[in-house]
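Okay, here's the structure, questions in a sec.
Scope of the values below: all heavy atoms of this structure, side chains included, with no hydrogens, waters or symmetry mates.
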Amino acid sequence: MSRSHRTSKHEPDTAVELNPLFSRAGEATIFPRFTMPEGESLPATAYQIVHDEAMLDGNSRLNLATFVGTWMEPEASELYAQAFDKNMIDKDEYPQTALIETRCWRMLADLWNAPDAAKSVGTSTIGSSEACMLGGLALKRRWQHKRRADGLPTDKPNLILSSAVQVCWEKFCNYWDVEARYVPVSAEHPVLDGEGLDQYVDENTIGVVAIMGVTYTGKYEPVHAISAALDDIQERRGLDIPIHVDGASGAMVAPFLQPEIVWDFRLPRVASINTSGHKYGLVYPGLGWVVWRDQEALPDDLIFHVSYLGGDMPTFALNFSRPGAQVLLQYYLFLRLGFAGYKSVQATSRDVAHYLSSEIGAMDAFKLWSDGSDIPVFAWQLADGHTDTWNLHHLSERLRLNGWLVPSYPLPDGLSEITVQRIVVRNGFTRDLASSFLTDLKREVQYLDSLDAPMPTVGQTPAFHH
């Protein structure tokens, strides 16, 4: 008897079993979960096991929690498959992919109104988290250079953040020894808006992070107001503090839907901007971008010149080998959609968000926190006094029975006593799907309202998805 069979006999939870119909005669149909099998199996057998396991995942098209793209055209999927083997770091072996990467971030620099896109600097990343960390590192290194040039210590850097900031910024401050100074949100100031900023900044402040599309509610932070507050601080206190714009979502929405909002490189204080190609950039998961205003904004000593596989490659990244396929997909979409196409796609998502938020806001059970007018994302809470027998976590559980994934979570520090639900409307979430969701939502609210005893709350935990 093989090791895998012995394991499955005594510890069934540690084995994976395949229906014999899917294997050849004499081939093992039971495989260990946590140790490598002793022998080989046919490709079709291994495929069937992995396929069946993955079927237990949720339906990505019905996942209203994630910002990450879940649909692309067949031509994009074909292009993706043709580029699985391209290593983005190997620019000598794949020079055309490297050139396409440059074209993409140059297009973004132009989209974000860089003074001279040809003099901007940018790079692709695995996602916005890496892009944010690169932006933060550049802020820290610029601050260090200036402090050293002035003969001042560099051991206590701090970064100003909204308490609603994405968790990657907490990681950045933790990993790179930067003090995170959080400005709490409130009912009067639900986003970082420059109010009271004076009490948080000092000579050790490396920068302020402004969010174009807060993940909790979808709201934009007014970058122009934050910049104006910093202008006033510089005039009074002599502190010249740059801004990094975390545009993970909004940087691929605002240029198309709200061109009148001044949030980008039109503000001289904005040093760098990041976005997620795999969010409202509409690419499959695994792609971010970061662009600096100019070479002065990205210290040269952060750039490595690596001799690798026969070529000299300047690189600024936390990762080394990584896929190049998503970069090609981004270029495909830039060519496929153009400005007009992106505007149409994002406007359609916003229209669906407005439709959903207006219908949900009209229900007696709910009070809206946002309506999807910024990025196509909105959140709501239970209306005060509506019920004492159920909460939004119970509603999330009921919606999951219908296949819908809708997160429930507390708002950030300053409003953490309030629990909300949030919907992210992405490309592919049509008005028809939205209507189906509303039907299920209203039915489940009616069911919960009909209960004559409180639902149990044991084991409830926040289900928050960035």
Side-chain angles (χ1 to χ4, degrees), residues 98 101-125 128 130-154 156-161 169 172-173 176 178 197 201-210 212 223-224 226-235 237-247 251 255 262-275 288-306 312-318:
E101 178 192 28
T102 298
R103 291 178 189 171
C104 286
W105 63 252
R106 283 275 298 271
M107 290 180 185
L108 291 173
D110 179 70
L111 184 69
W112 297 335
N113 295 294
D116 186 346
K119 295 182 179 179
S120 296
V121 186
T123 186
S124 65
T125 60
S128 267
E130 181 186 6
C132 288
M133 293 197 189
L134 297 182
L137 281 171
L139 291 178
K140 180 180 179 182
R141 189 61 59 88
R142 284 180 63 194
W143 173 81
Q144 288 175 322
H145 286 335
K146 186 176 187 308
R147 296 280 291 178
R148 287 174 182 142
D150 294 340
L152 298 170
T154 63
K156 294 181 179 179
N158 66 71
L159 182 66
I160 311 304
L161 310 154
W169 288 103
F172 165 75
C173 291
W176 276 278
V178 174
L197 203 55
V201 302
D202 58 26
E203 64 179 9
N204 294 316
T205 300
I206 65 174
V208 174
V209 174
M212 284 296 287
V223 185
H224 66 283
I226 296 170
S227 179
L230 291 173
D231 288 344
D232 178 65
I233 288 170
Q234 182 175 6
E235 184 176 346
R237 298 172 58 186
L239 301 175
D240 185 8
I241 300 171
I243 294 172
H244 174 88
V245 177
D246 184 349
V262 179
W263 63 274
D264 51 18
F265 290 124
R266 285 171 288 182
L267 296 169
R269 202 169 288 280
V270 173
S272 48
I273 302 170
N274 72 272
T275 197
W289 298 97
V290 58
V291 176
W292 288 268
R293 167 183 292 276
D294 49 36
Q295 294 183 359
E296 184 181 348
L298 176 60
D300 187 63
D301 58 339
L302 284 175
I303 300 173
F304 282 78
H305 293 269
V306 182
D312 176 75
M313 295 171 297
T315 177
F316 180 32
L318 303 182

Spell out, as yes or no, whether a donor-acceptor pair under 3.5 Å connects the side chain of Thr275 to the backbone of Trp289.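 Not confirmed, Thr275 side chain does not pair with Trp289 backbone.
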
Under the 3.5 angstrom rule, does the side chain of Trp112 hit a backbone N or O of Ala251 as a donor-acceptor pair?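 Yes.
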
Would you indicate whether the side-chain heavy atoms of Asp294 and Phe265 approach each other to under 4.5 Å?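 No. Closest side-chain heavy atoms not under 4.5 Å.
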
Between Arg293 and Ala271 (side chain of the first, backbone of the second, donor and acceptor by atom type, cut-off under 3.5 Å), is there such a pair?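 Pair absent, no side-chain N/O of Arg293 close to backbone of Ala271.
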
As an exercise, state the distance from CG of Asp231 to NE2 of His224, rounded to the nearest 0.5 Å.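 If we round to the nearest 0.5 Å, Asp231:CG and His224:NE2 are 12.0 Å apart.
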
Has Arg269 got a side-chain atom pairing as donor or acceptor with Ile241's backbone, closer than 3.5 angstrom?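 Yes; judged by distance alone, with no hydrogens or angles, the pair exists.
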
Would you call Lys146-Asp150 a salt bridge at under 4.0 Å N-O?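 The answer is yes: the pair qualifies as a salt bridge.
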
Distance (rounded to the nearest 0.5 Å) between Ile206 CD1 and Lys140 NZ: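 The distance works out to 7.5 Å.
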
Identify which one of Val208, Asp232, Leu267, Val270 satisfies the side-chain contact (heavy atoms from CB on, under 4.5 Å) criterion when paired with Ser227.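 Among Val208, Asp232, Leu267, Val270, the one that satisfies the side-chain contact (heavy atoms from CB on, under 4.5 Å) with Ser227 is Leu267.
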
How far apart are the closest heavy atoms of Asp202 and Arg237, and which atoms are they?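 Taking every non-hydrogen atom into account, CA-NH2, 3.9 Å.
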
Taking atom types as modelled, is there a side-chain donor on Thr154 or Gln144 under 3.5 Å from an acceptor on the other?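 No pair is found: no donor N or O on one side chain lies under 3.5 Å from an acceptor on the other.
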
Calculate, to the nearest 0.5 Å, the distance between atoms CG and CG belonging to Asp110 and Asp116 respectively.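 Those atoms lie 10.0 Å apart.
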
Counting N and O atoms only, with roles assigned by atom type, does the side chain of Asp300 sit under 3.5 Å from a partner on the main chain of Ile303, one being a donor and the other an acceptor?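 No: the side chain of Asp300 does not pair with the backbone of Ile303.
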
If I compare all heavy atoms of Met212 with all of Gly247, which pair ends up nearest, and what's the gap?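 That closest heavy-atom pairing would be CB-CA, 4.1 Å.
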
Checking the side chain of Trp292 only, and the main-chain atoms of Gly135 only, is there a donor and an acceptor separated by less than 3.5 Å?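 The answer is no, because no donor-acceptor pair under 3.5 Å joins these two groups.
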
Closest non-hydrogen atom pair, Leu139 against Gly207: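 Looks like CD1-CA, 4.3 Å.
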
Going by heavy atoms in the side chains, are His244 and Asn274 under 4.5 Å from each other?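 Yes, their side chains come closer than 4.5 Å.
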
If only atom types and distance count, is the side chain of Glu101 paired as donor or acceptor with the main-chain N or O of Ser124 below 3.5 Å?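 Here the side-chain-to-backbone pair exists.
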
Report the distance from atom CG of Leu152 to atom CH2 of Trp143, rounding to the nearest 0.5 Å.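 Separation between the atoms: 9.0 Å.
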
